[in-house]
Every structure is written in C-alpha cells, then in structure tokens.
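What follows is one structure encoded as structure tokens, with my remarks underneath.
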Amino acid sequence: MPDQSVPAVPPTPPVPLSALLAREDLALRLIAGPQDTDTVIHWAHTSEMADPYPYLLGGELLLTAGVHIPDAAGSDGGAPGRAKSRLGEYFDDYVSRIVAAGGAALGFGVAPVHDTVPRALVAACDTYELPLVEVPPRTTFSAVARAVWQLMAQARHAELRRVSEAQQSLATAASRPDPVPAVLRQLAQRVGGWAVLYGPEGTELATAGRKPGDTASTALNELAGVVRPGPTSPGPVAPTGPAAPTGTGAGAETRAGTDRTAPPPTTGCPVPPAASTTRPAPSRSPSPSSSPSPSSASDTLAGTHLAAYALGSGQGFVLGVAAPRRDPGDHTIVSVAAVLLSLLTGEHHSGAGAARSSALVRLLLGAAPEAVAPLLGAERWVVVHARPDTLAPDAMAASALGTALGSPLVDLAQDVVRVLVPAGRETTPQPGWTFGVSAPVDPREWALADTQAARALARARATRAPLVHHAARPALADLVPAEDAVSHARALLAPVAGTPALTETLRTWLSLHGSWDRTAVALSVHRNTVRQRVARCAALLAADLDDPDVRMELWFALRQHQPARQDR
C-alpha cells in the first residue's frame, strides 16, 4: 500500500516561471539563462546578502537590488581590466552559490541602486544556466511575491479540483460490475498514462491506457518485483518511499538534484545538487527475510515516470503506473486507486467473501452453526458488543471497527455494533468505543455469547470502563447439577419470568450492587423506572431484597435463567 506519511491532499504546486513572465502588470523580462519554459518557482525570497546560500531552501526566485555588490564591482562601464576581473569573480561566486543552494531563478531590480543589470551578472547567469529576470523600477518586490502566491493559489485550486474529480470517478468505477478493469481505466485516463495490475506470479492480469515502450514496460515489471511481498520476490536492501528513486538498470534517469522540477529540500541546510544523472541497478538482498520489501517504489526512465505499489498485506498483487509526469496530485490519485484495488484484490485472493456468503446461505437453508463455522476459519469465537461514546454508529464506523478487531463479521444495530471475532484474536479497547466481550464459545453457543456480550457491555457502560469481559470462571454454582439448577431457577423466578424487563432489571441491579444510578445508565432508562421495576420484583417474588441471602439466591437463579433471544 502507499506510504502513509504522504499527505491526503497534494501540497501547493510550484509556479512556472513562464507564467510569472506573462503577467503584463509586472513587466518582467528574462535576460539571461535558459530560455525554455521548464523552470518552476516554489516561492519568492528577497535577500541582499553577498552569500545567500545559508538562507535558501531551494526552488526560490531570489530577488535582489544589488545592495550587496561592492563599490569596486558596482559598475562595469569603462572600468579597468583588473576591476572587471574582480567583478567577474564576484558575480561568478555569487551565482554559483545560488545554484548550489537550489535557487530556481534570480530577479534583479533596476533602480534605485543600479540603473542597469550588470553585464558580468548576465554572463555569470548564462554560464551557470540560472534564469535572470529584470525587474523594472515601477515593479516592487512585494508585487512579484504577491503574484507568485496568487499563481500558487490558482494552481492549488485547480489541482485539488482535479484530484477530487478523480477520486469520485475512481470510487464510481469500483462499484461497477467489472470493478478492477474500470478502476484501471479511470486511473490511466486521469494520469494520462498506463496502468497495470500484476498478479502474485508477476503476470499482467489487467491493463488500461497507452502502454509505454518495451524498455519502460520491463523496468516497471522489475519495480513490481521489488515491492511484491512473498518468498519468491527479491527485496532491496533498504525500503524506498513513493518518491524515492530505486533504479531499474543502466540508463535510468534520476530526478533528484539535477531536475529543476523536483521539490526542494524541506529541512536542514541546502546541499549542492548531485552531478550524476545515472546509477546502477538496485541492489537486492538474497534473503527476503533479511530486509522487508517496501510498499512502493518509483523511478524515471527516458522521460517516463514509473511507480509500483504493493496491494494488500502479503497477497502479491502489485499496481504499476507509467505516466509522463509525477506531480503530487498524480501521486494522490494513484494512492486512492491503490487503496480501492487493495480491497478488490484482497477479497478475490483470499476467498473470504465467498466463504462468508456460503456460510450465510447454508444458515438460511437450515444448517447448524457448527456445520458452517469451518467456512469462517475458526473453531471458537467471542462476541463483541460495541457502543460509540458519542453519536450512533453508522456503516462506515462499523466496518472500521470490524477491521480494527480483525473480523469482517459485523452487524450494525440501532445503537450497538456486534462483531463475531475468532477467539484467538485479542480484543483491545478502541478510542471512542465501549466494549462488552463474551467468553470464548463453540458455534453452538453463539446465541449465549451474544447475551453475555450484551450484559458485559451494560456493565462496562455503568462502570465507565472501556472494556468488560464476561466472567466465565468456575464457581460454587458449578457444584449443582445443571438440570437441578435450571429447575430451581424456573420455580423461583416464575412470578417475574414472563416479563423480560423485570428479570433483566433485577439481574443488572444485583450485578451493580443495588446502585440505582448505574443500573439506569446500563439499561438506558430513568432511575425512577429502575426503582419501580425492582419494587415490582420484590412484590411478585415476596422477597426482601435487602437480605443478602435472598440476593445471593436470586443471583444464582438469574445465572441459570436464559430468556428467549430477542432481535436487537
């Protein structure tokens, strides 16, 4: 799956220098450096330092009025040869330091310090291929910075709208009868490239879009092998993130350092860009267990950006994408597609969905629970009743809770979520939820476990505990034969057995040591209602409920009394 550290929305995209030059209100003019339109600006920064290197992060349009230029180098018109030499050396050092810090362009303001842009500065910018922009006297640096931020805001709005539309189209595609091909088609269309789903054996299961050349296709297949989990797939020595280049062979082109469209460093002092544009094939560990495979990897080959994402957890499916660009918005779109395909391929690969459907059909056709339990993959189970601390649960919250507990067997009721969990999985508290957990039972006792979980949840809510387990330890009651215990309970509780509200109120009241308030919370009724019901029980049973012996006997009987199961 994609790296979780990547933000859910794309960051502010950079601004093309050409867009800034096109603003007629600024009247900027490119007078040196590359004349292409590939240069992008991440922000504007004003500095009059002779060495701006320590103050740059990379990607800036550095604005200066030339205050830092020494007097001896202040004018090159008619200056002696020695002064010209010093002038050339000064600007050569100045421009080289800007380039080393990752500066994107230099803006020189004409007037009031200098009437023209020094010719030696123009020559230095041409030498180091740093775009040099002339800022006319009537244009302030603040106006340039404001224009940069305005263009950024426009670009971000357009990018967010593009990503939002792509997310909606991918979600719609996932609900089609052919969800996997539909998602791949939408993904290929949105990124303007090729999308492919590789199976666990490395075969192409489905593709969409325009396939790149054989070299790029082979490189993408190699990336898929790098991220694919499993005993037969090689893994790199160190995991790589979604934007970290991993290399796919000789001639692979890196975007780090030499590519002006790469994002600038965000922390620490800027480091001069690397000079190398090629690197060897990725190193691979002989044993997958010695180093975990990354969830994603990316590379650039002959102008085609390649990315591979491992889908699911250890299932072997990989999403591959080849596109002409790799913008933050494109990464977000691919991440959404990867999540959707993880759900689709995970259900298909594991067969869990088919097994659950088969178990349900058999139950509806009259099969016993113990007969269908093997289809669900466990012999013993616990039932969890969960209630949110604030709003009533919805389908999304119930599904997320089932995922957190490690079980897809979820039932959403009006105010409670019930989850059937294999007994081998530990149930731990979850923020915002209150849990009641039954004792481990066989499938034949699922109904009993459901009752146990409901009572444990009521006790948890009454005691404000995040989780309460049903107490299933041996007790003195186990010394009494089961038939005798049930017969005694039936006779003792006969006057109230026909009214489930009375028996459940009496049971809860006794379990909470006669607390009116906590019983009211557990049953979600008013405390006066609890008092009335308990008084009614005392009258019908002709018993003194203040007598501890009476309470003990009633508690013993209530433990044996199992009311008819009701739909919740």
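Just so it is clear, the values below take in all heavy atoms, side chains as well, and ignore hydrogens, waters and symmetry mates.
Across A188 and A208, no two heavy atoms sit closer than the pair CB-O, 3.6 Å. Nearest approach of L376 to A359, heavy atoms of both residues: CD2-CB, 3.9 Å. L17 and A105 get closest at one heavy-atom pair: CD2-CB, 4.3 Å. When all heavy atoms of I333 and V191 are compared, the pair lying nearest together is CG2-CG1, 4.5 Å. Contact detail for S358 and L375: the closest heavy-atom pair is OG-CD1, 3.6 Å. Residues L63 and A44 come closest through the heavy atom pair CD1-CB, 4.5 Å.
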Go through the steps to decide whether V417 and D411 satisfy the test side chain to side chain contact (heavy atoms under 4.5 Å, CB included), and finish with yes or no. CA-CA 6 Å; V417 177; D411 172 43; over 6 Å; no
request  = Kindly indicate, with the supporting measurements, whether the criterion side chain to side chain contact (heavy atoms under 4.5 Å, CB included) is fulfilled by Y309 and V227.
outcome  = CA-CA 7 Å; Y309 296 81; V227 303; over 6 Å; no
**Request:** Evaluate the criterion side chain to side chain contact (heavy atoms under 4.5 Å, CB included) for residue pair T427 and L467; output intermediate values, then yes/no.
**Result:** CA-CA 9 Å; T427 301; L467 185 149; 3.9 Å; yes
**Request:** Output, in order, the C-alpha distance, side-chain angles, deciding distance and verdict of side chain to side chain contact (heavy atoms under 4.5 Å, CB included) for V135 and V110.
**Result:** CA-CA 6 Å; V135 183; V110 177; over 6 Å; no
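For the pair H385/F435, no side-chain contact is recorded, criterion being any heavy-atom separation below 4.5 Å from C-beta on. Side chains of L205 and F317 form a contact here, defined as non-hydrogen atoms less than 4.5 Å apart. At least one side-chain heavy atom of Q154 sits less than 4.5 Å from a side-chain heavy atom of L151. For the pair Q430/L401, a side-chain contact is recorded, criterion being any heavy-atom separation below 4.5 Å from C-beta on. Residues P324 and T304 are not in side-chain contact: their nearest non-hydrogen atoms beyond the backbone lie 4.5 Å or more apart. Residues P131 and C125 have side chains not in contact (no heavy-atom distance under 4.5 Å, counting atoms from C-beta outward). Annotation: side chain of L341 is in contact with side chain of L184 (closest heavy-atom distance under 4.5 Å). Between W43 and V15 the shortest side-chain heavy-atom distance does not fall below 4.5 Å.
Shown here are the salt bridge (charged side-chain N to carboxylate O under 4.0 Å, His left out) partners of R23, two or more places apart in sequence or in another chain: D25. Residues satisfying the ring pair (Phe, Tyr, Trp, His ring centres under 6.0 Å) test with Y94, not counting sequence neighbours, are H68. Partners of Q189 by side chain to side chain contact (heavy atoms under 4.5 Å, CB included), not counting sequence neighbours, listed by chain and number: Q186. Applying the salt bridge (charged side-chain N to carboxylate O under 4.0 Å, His left out) criterion to R387, with sequence neighbours excluded, gives D415. Remark: E48 pairs with T64 by the side-chain hydrogen bond (donor to acceptor under 3.5 Å, both in side chains) rule, at least two apart or across chains. In terms of the side chain to side chain contact (heavy atoms under 4.5 Å, CB included) criterion, residue partners of D51 (sequence neighbours excluded) are, by chain and number, Y53, P54, R97. Residues satisfying the side chain to side chain contact (heavy atoms under 4.5 Å, CB included) criterion with I31, sequence neighbours excluded, are R29, V117, V122, L132, E134. For A171, there are no side chain to side chain contact (heavy atoms under 4.5 Å, CB included) partners, not counting sequence neighbours. In this structure F108 satisfies the ring pair (Phe, Tyr, Trp, His ring centres under 6.0 Å) test together with H114, sequence neighbours excluded.
When atom types are taken as modelled, the side chain of E60 and the backbone of L57 share a donor-acceptor pair closer than 3.5 angstrom. Counting only distance, with no hydrogens or angles, the side chain of S407 and the backbone of L420 share a donor-acceptor pair below 3.5 Å. With hydrogens and angles ignored, the 3.5 Å screen pairs a side-chain donor or acceptor of D126 with a backbone N or O of G33. A distance-only check finds a donor-acceptor pair linking the side chain of S342 to the backbone of A338 [under 3.5 Å]. Side-chain atoms of T434 do not come within 3.5 Å of backbone N or O of P466 as any donor-acceptor pair.
Between the CG atom in L20 and the OG1 atom in T39 there is a gap of 12.0 Å [rounded to 0.5 Å]. To the nearest 0.5 angstrom, Y198 atom OH is 8.5 Å from L223 atom CG. Remark: T207 OG1 to R185 CZ distance equals 10.5 Å, nearest 0.5 Å. With values rounded to the nearest 0.5 angstrom, E204 atom CD is found 10.0 Å from L197 atom CG. Atom OG in S217 sits 4.5 Å away from atom CH2 in W194 (nearest 0.5 Å). For the atom pair CZ (R138) and CG (L26), the distance works out to 8.0 Å, reported to the nearest 0.5 Å.
Applying the salt bridge (Lys or Arg N to Asp or Glu O under 4.0 Å) test to pairs two or more places apart or on separate chains, none has a residue in residues 188-198. Listed by first and then second residue, the salt bridge (Lys or Arg N to Asp or Glu O under 4.0 Å) pairs that reach into residues 160-172 are E159-R162, R162-D330, sequence neighbours excluded.
No more than 12 heavy-atom neighbours from other residues, nucleotides or ligands sit within 6.0 angstrom of CG on D214.
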